[in-house]
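Before any comments, here is the structure.
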Amino acid sequence: MKRNTRLLLTSLLLLALQFLAAGCATVKPYERELLAQRIMDFDKAKAEEAKERHWLETLEGSSGGIGGSGGGCACN
Amino acid sequence: MLLQLTLAIALTLFNASPNNQIGKKAVEFSLPAVNGETVALQSLRGKVVLLNFWATWCGPCRQELPELARVQEKFRQRGLAVVAVTVDNEVENVRAFLKKYDIKLQAAWDKKKKVADAYLVEKMPSSYLIDRNGIVRFIHRGYTPEELKRIEAEIDELLDKT
């Protein structure tokens with residue numbers, strides 16, 4: 001491979017890396033207002049699911065059976 | 001050259017650490033208060049200042065703020081001033097929150113986050129304890145009841161000093 005071609009390829013690679021790096025952004029902890037909104041949650045039905053789980057655990061006396069901790073008193 | 005680069009990055013990171021502010025003069029600021037007035041750190045010189053960065057969208061901050069109002073009342077007579085700097089985008093959310101929970105604190109609005117930038121806030125909430133001479137003495141990140149007890153002990157210690 002000629003020296004010029006190698007140089008060109010290296011430059012293109014660096015340029016591509018630069019574009020990729022531009023996609024990474026650091027969000028400071030005090031700038032997370034929009035990210036903290038419920039709509040940004042991956043699990044959109046989180047609150048509903050928690051209610052349903054609590055209801056089921058109370059009904060079955062099986063607190064913790066679904067994966068959370070607890071002793072089955074259904075008091076939480 | 002690689003060594004130089006590593007050293008430069010390490011030095012930059014080291015200098016940007018919030019812990020580097022301990023023992024140094026607190027960054028002066030003047031911000032609009034949520035109630036419409038102005039909060040200036042300079043005007044609180046001679047008091048021990050608990051500077052707290054918080055937001056209504058931050059769960060632990062919402063837990064901590066009523067506790068800070070209690071701490072303010074506990075130490076007010078001895079010369080403590082709690083300044084709650086909010087980084088909310090909408091000041092109306094802050095007013096509604098303070099009203100709902102009847103929190104009577106000096107709340108300032110850092111709309112552009114410049115003061116949070118200057119204090120290198122790296123966790124929400126964060127509290128900076130500033131002594132009567134305007135020197136940062138302690139920094140606390142996050143909120144737990146144990147952390148608050150430590151803060152209270154440090155306030156007590158700073159208030160005893162002239």
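Lettering follows sequence order; numbering is per chain, from 1.
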**Report entry** Option from B:Thr86, B:Asn93, B:Asp88 for which side-chain hydrogen bond (donor to acceptor under 3.5 Å, both in side chains) with B:Thr56 holds
**Finding:** B:Asp88
Requested in this report: Name the region of B:Lys123, side chain, backbone, both or neither, that has any atom closer than 4.5 Å to a heavy atom of chain A.
Outcome: backbone
Requested in this report: Report the relative orientation of the aromatic rings in B:Tyr119 and B:Phe53; use parallel for angles under 30°, tilted for 30 to 60°, perpendicular for over 60°.
Outcome: tilted
Query - Heavy-atom contact with chain A under 4.5 Å, split by part of B:Ala116 - result: both
Query raised in the report: Under the salt bridge (charged side-chain N to carboxylate O under 4.0 Å, His left out) rule, what pairs show up with a residue in residues 37-59 of chain B, not counting sequence neighbours?
Result: B:Glu28-B:Arg45
Query - ILVMFWY clustering at 4.5 Å (side-chain atoms), partners of A:Leu15 - result: A:Phe19
Query raised in the report: Below 4.0 angstrom, N of the basic side chain to O of the carboxylate: do B:Arg70 and B:Glu67 qualify?
Result: yes
**Report entry** B:Gly134 backbone acceptor or donor facing B:Lys25 side chain under 3.5 Å
**Finding:** no
Query raised in the report: Is there any ring pair (Phe, Tyr, Trp, His ring centres under 6.0 Å) pair reaching into residues 67-99 of chain B, and which pairs are they, with sequence neighbours excluded?
Result: B:Trp54-B:Phe97, B:Phe97-B:Tyr101
Requested in this report: Spell out the residues in residues 26-36 of chain A that have some non-hydrogen atom less than 4.5 Å away from a non-hydrogen atom of chain B, in order of number; otherwise answer 'none'.
Outcome: A:Lys28, A:Pro29, A:Tyr30, A:Arg32, A:Glu33, A:Ala36
